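Read the structure below first, then the notes.
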Amino acid sequence: MQLMYPWFLLGLFAVAIPVVIHLLQLRRPQRLLFTNTAFIRDVELVTVKHRNLQRWLLLLIRVLGLLALVLVFCQPFIPAKKANAISTGIEVLVDNSFSMQAGSLGQASLFADAVKQAQRIGHSASVVGQYRLINKGNRIMLPSAYETALDELRLSPRNPFSTIRSEVTENHEGNSLYIFSDFQKKAVDAKALGELKNQQVVLVPLAGRSASNLYIDSVWLDDAFVRVRTNVGLHIRVRNGGGAKSTDSPVKVFLGARQVAAYRVTVEPAQVVTTVVQVQVANNELALGRVVTEDAPVTFDNTYYFTLQPAAAIRVLEIGAEPLTQRLYGNEPLFTYSFTKPQNVDYGALRRANLVVMRELERVDAGLREGLRSVVQRGGSVVVVPSSTAGSHDSYQQLFKSLGLGAVQWEASTASPELREVAMPSAAEPFFRNVFGAQQRGATMPKVAPVLHWPRTGTDILRLRDGESYLANFASGAGQVYVFAAPFAAQYSDFATHALFVPVMYRIAMLSYQNDQLPAYRLTQSSVTLKLPAREAVSNAPGGADEASFRLVKDSLTLIPAQRVVTTELHMDLPVGMDEPGFYQVQRGGKLLTMLAFNQDKRESELAAYSAEDLRQLIGSNHPNIKVVESGVDSAGLAKFQAEQTGQPLWRYFLALVLLALLAEALLIRFGGRKPVAAKSAVLA
């Protein structure tokens with residue numbers, strides 16, 4: 001047996017106190033009763049031998065009690081077999097991420113089990129009273145403060161393994177670090193654990209019951225162009241992150257406070273099910289949506305937030321000798337149409353346009369070429385309808401080169417070009433999705449006479465019957481370029497008067513619309529980029545007014561993220577304290593600009609975890625300072641490990657001995673005193 005605080009042995013001098021009391025009692029005068037009083041009342045007779053025995057027993061009990069009390073303060077323990085088992089302090093990390101909501105093998109949750117076992121660590125006798133709960137920072141605690149901090153610990157969206165290297169300081173060499181967690185496969189950073197080399201690390205994996213956990217993996221729309229009071233397909237991907245099958249689980253879709261769809265899904269473990277529901281927005285306001293699943297016990301991911309932004313009018317600019325698409329776009333409220341001639345191009349309208357139709361220009365000058373390039377760089381679309389004149393070839397070649405399309409080949413101009421029929425488009429082509437109803441195979445198709453053709457570097461939308469491309473699109477910058485192989489002039493094509501002209505040009509216009517605000521974001525992503533209205537697209541000068549900053553506001557929480565404005569784009573870095581899912585307002589100067597939907601990291605919803613054996617294999621033999629301990633039933637495995645590593649504490653037994661000594665003394669004084677004996681009566685003659 002060894003003593004943690006041997007200097008408390010000085011308290012043994014207190015043993016002299018009961019000895020002195022015993023000696024003083026021996027010298028105290030005794031009161032004797034005369035015999036003549038025996039005739040008046042009974043006398044309690046006590047032998048000298050009985051009285052001396054009682055006094056010696058009291059002395060022995062008091063001495064043993066004092067000895068036991070001194071040893072309690074000395075903290076005795078049976079040393080462990082290892083010489084370096086005594087640690088100077090204990091550090092504890094309790095995984096309080098949302099995945100710990102899962103049920104344990106007992107009746108409680110994994111988080112409740114983790115807190116309970118961490119509390120037992122606080123009763124370790126081989127520590128000099130230094131504890132640190134890493135979840136609460138770098139503060140050294142006494143045992144009582146450590147217990148209070150554990151009681152105050154709550155579930156959090158923060159993954160403790162993501163910042164373990166910064167939270168575990170390097171100057172705590174000799175301390176023992178205990179990590180209680182479910183050790184999710186998607187969350188454990190084995191590299192970070194391997195870098196903890198200055199201390200003994202004990203991993204305590206907590207096993208949970210096998211259960212299902214449905215969560216929304218993602219949502220997306222059939223079309224980015226959302227129109228008011230028009231159905232749009234909302235794709236909902238539901239994933240089962242648990243280890244058991246989820247059968248006939250309800251899923252509900254809300255827009256605002258109104259439920260717009262409901263269905264049930266059955267999902268196998270680690271599988272996904274994608275369902276399309278039809279929704280529509282009632283007005284031009286941003287719609288706030290939720291997808292709600294119902295499953296327990298893991299409920300933090302039961303709600304997925306998203307937004308639906310009705311599309312603004314698509315700005316179409318036509319450049320040509322005369323307006324051709326005015327009747328097509330000008331009478332439709334979905335579009336804002338404008339026309340300009342090539343000799344006096346409206347560059348202001350060009351900068352704002354979503355779609356530019358450049359039709360049969362004789363020459364494309366440098367200014368227009370640069371303007372068209374800027375359109376595709378910011379995500380717009382350009383439609384190029386070539387000219388039939390040979391003098392325009394060089395300027396078109398330069399345009400194609402600046403747009404990144406490469407060189408094209410021109411056909412030799414003839415007085416009567418040969419017209420060839422366009423092939424029937426396939427309804428399976430993504431461009432024509434939901435454009436056609438039942439196809440009629442005998443429908444008459446337009447005839448065209450191509451004046452140019454290009455290498456197969458783009459995506460063909462319309463082809464001729466001989467396989468040559470008539471309409472193709474090319475990715476350029478952040479936008480698209482659509483190139484027709486023939487002019488719209490009647491000599492070269494009857495496409496502009498064909499029934500196919502309207503759906504093709506409509507589809508091109510709608511695909512030119514880009515909604516830069518995504519339906520939903522994740523709290524774990526580093527930044528968000530938004531397109532700003534022209535009036536808001538101003539730079540934030542260093543040291544400028546605070547009102548010029550963009551803010552993220554949710555209820556009473558206001559955050560000012562790191563931000564920068566580049567032309568019309570706002571880049572915001574998500575702040576560290578932003579960890580609650582839901583809808584956040586983007587404000588500037590108290591004015592609401594838009595609302596963004598944020599959701600939890602979906603990795604936290606994947607409940608697949610490492611077992612103790614899996615962790616041992618993951619860590620390998622290169623880290624002897626890292627031990628994996630199975631907690632066992634009622635923490636028996638952890639208690640055994642502690643006894644092996646830090647020794648067997650004995651102070652509890654000596655404290656029990658102190659209490660027994662006090663009880664024995666009280667009983668001995670109460671019942672071990674004088675024994676009543678009836679006095680003999682004397683009869684006087």
Side-chain angles (χ1 to χ4, degrees), residues 98-99 101-102 157 186 211-242 244-283 285-311 515 517-525 528 554-555 578-585 594-607:
F98 281 137
S99 65
Q101 280 185 340
K186 294 287 186 179
S212 64
N213 181 40
L214 287 187
Y215 69 95
I216 307 302
D217 180 88
S218 55
V219 300
W220 68 94
L221 298 172
D222 274 337
D223 195 341
F225 196 83
V226 179
R227 286 168 285 184
V228 176
R229 292 182 295 275
T230 302
N231 283 348
V232 61
L234 179 68
H235 295 249
I236 303 173
R237 177 178 291 171
V238 181
R239 184 177 177 86
N240 186 355
K245 179 180 179 180
S246 177
T247 304
D248 205 26
S249 298
V251 180
K252 300 177 182 178
V253 184
F254 295 85
L255 285 182
R258 183 169 57 95
Q259 180 177 321
V260 296
Y263 61 96
R264 292 181 176 270
V265 293
T266 297
V267 190
E268 297 287 343
Q271 298 299 315
V272 297
V273 172
T274 302
T275 307
V276 182
V277 298
Q278 297 297 319
V279 299
Q280 60 177 256
V281 293
N283 50 48
E285 300 295 328
L286 180 70
L288 306 182
R290 293 172 294 127
V291 183
V292 180
T293 59
E294 296 181 8
D295 69 328
V298 182
T299 59
F300 78 94
D301 53 5
N302 281 5
T303 301
Y304 185 90
Y305 302 91
F306 68 94
T307 61
L308 291 182
Q309 176 65 63
N515 188 357
Q517 178 175 323
L518 299 178
Y521 300 87
R522 293 286 179 181
L523 290 169
T524 50
Q525 63 187 85
V528 171
K554 184 182 188 298
D555 300 329
M578 185 175 170
D579 53 15
E580 184 178 352
F583 299 107
Y584 285 78
Q585 297 180 358
T594 186
M595 295 190 71
L596 306 178
F598 287 92
N599 296 284
Q600 297 286 0
D601 183 6
K602 59 184 179 182
R603 292 178 300 179
E604 192 66 25
S605 300
E606 294 290 335
L607 302 185

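Keep in mind it's a predicted model, so treat the numbers as computed, not measured. We number each residue from 1, following the sequence as shown. Just the heavy atoms: all of them, side chains too, but no hydrogens, waters or symmetry mates, feed the values below.
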Step by step, would you call L607 with S99 a side-chain contact (heavy atoms from CB on, under 4.5 Å)?
CA-CA 7 Å; L607 302 185; S99 65; 4.1 Å; yes

In Å, rounded to the nearest 0.5 Å, how long is the span from [atom1] of [X] to [atom2] of [Y]?
{"X": "Y215", "Y": "Q600", "atom1": "OH", "atom2": "CD", "result": "13.0 Å"}
{"X": "E604", "Y": "Q101", "atom1": "CD", "atom2": "CD", "result": "9.5 Å"}
{"X": "H235", "Y": "L221", "atom1": "NE2", "atom2": "CG", "result": "8.0 Å"}
{"X": "E606", "Y": "R239", "atom1": "CD", "atom2": "CZ", "result": "4.5 Å"}
{"X": "I216", "Y": "N599", "atom1": "CD1", "atom2": "CG", "result": "9.5 Å"}
{"X": "D222", "Y": "Q278", "atom1": "CG", "atom2": "CD", "result": "7.0 Å"}

As a quick check of understanding, evaluate side-chain contact (heavy atoms from CB on, under 4.5 Å) for L288 and L255, giving each step before the final call.
CA-CA 6 Å; L288 306 182; L255 285 182; over 6 Å; no

Tell me, please, which residues at least two apart from [X] pass ring pair (Phe, Tyr, Trp, His ring centres under 6.0 Å).
{"X": "F254", "answer": "none"}
{"X": "Y305", "answer": "F583"}
{"X": "F306", "answer": "none"}

Shortest non-hydrogen contact from [X] to [Y]?
{"X": "G233", "Y": "V276", "result": "CA-CG1, 4.0 Å"}
{"X": "T307", "Y": "Q517", "result": "OG1-NE2, 3.4 Å"}
{"X": "V228", "Y": "A282", "result": "CG1-O, 3.4 Å"}
{"X": "L308", "Y": "L286", "result": "O-CD1, 3.4 Å"}

Could you check whether any side-chain N or O of [X] sits under 3.5 Å from a backbone N or O of [Y], counting only pairs where one atom can act as donor and the other as acceptor?
{"X": "S605", "Y": "R603", "result": "no"}
{"X": "N213", "Y": "N240", "result": "no"}
{"X": "Q309", "Y": "V226", "result": "no"}
{"X": "Q525", "Y": "R522", "result": "yes"}

Please tabulate, for side-chain N and O atoms in residues 262-275, each donor-acceptor pair with protein atoms closer than 3.5 Å (sequence neighbours left out).
residue, atom, partner, partner atom, Å
R264, NH1, D248, O, 2.9
T266, OG1, D248, N, 3.0

Going through the checks in order, is the side-chain contact (heavy atoms from CB on, under 4.5 Å) test met by K252 and E294?
CA-CA 9 Å; K252 300 177 182 178; E294 296 181 8; 3.5 Å; yes

Parallel, tilted or perpendicular: which one describes the rings of Y584 and F598, with boundaries at 30° and 60°?
perpendicular

Can you tell me if NZ on K554 sees more than 12 non-hydrogen neighbours from other groups inside 6.0 Å?
yes

Partner residues of S249 under the side-chain hydrogen bond (donor to acceptor under 3.5 Å, both in side chains) criterion, sequence neighbours left out
S246

Please identify each residue that fulfils side chain to side chain contact (heavy atoms under 4.5 Å, CB included) with N302, with sequence neighbours left out.
T293, D295, T299

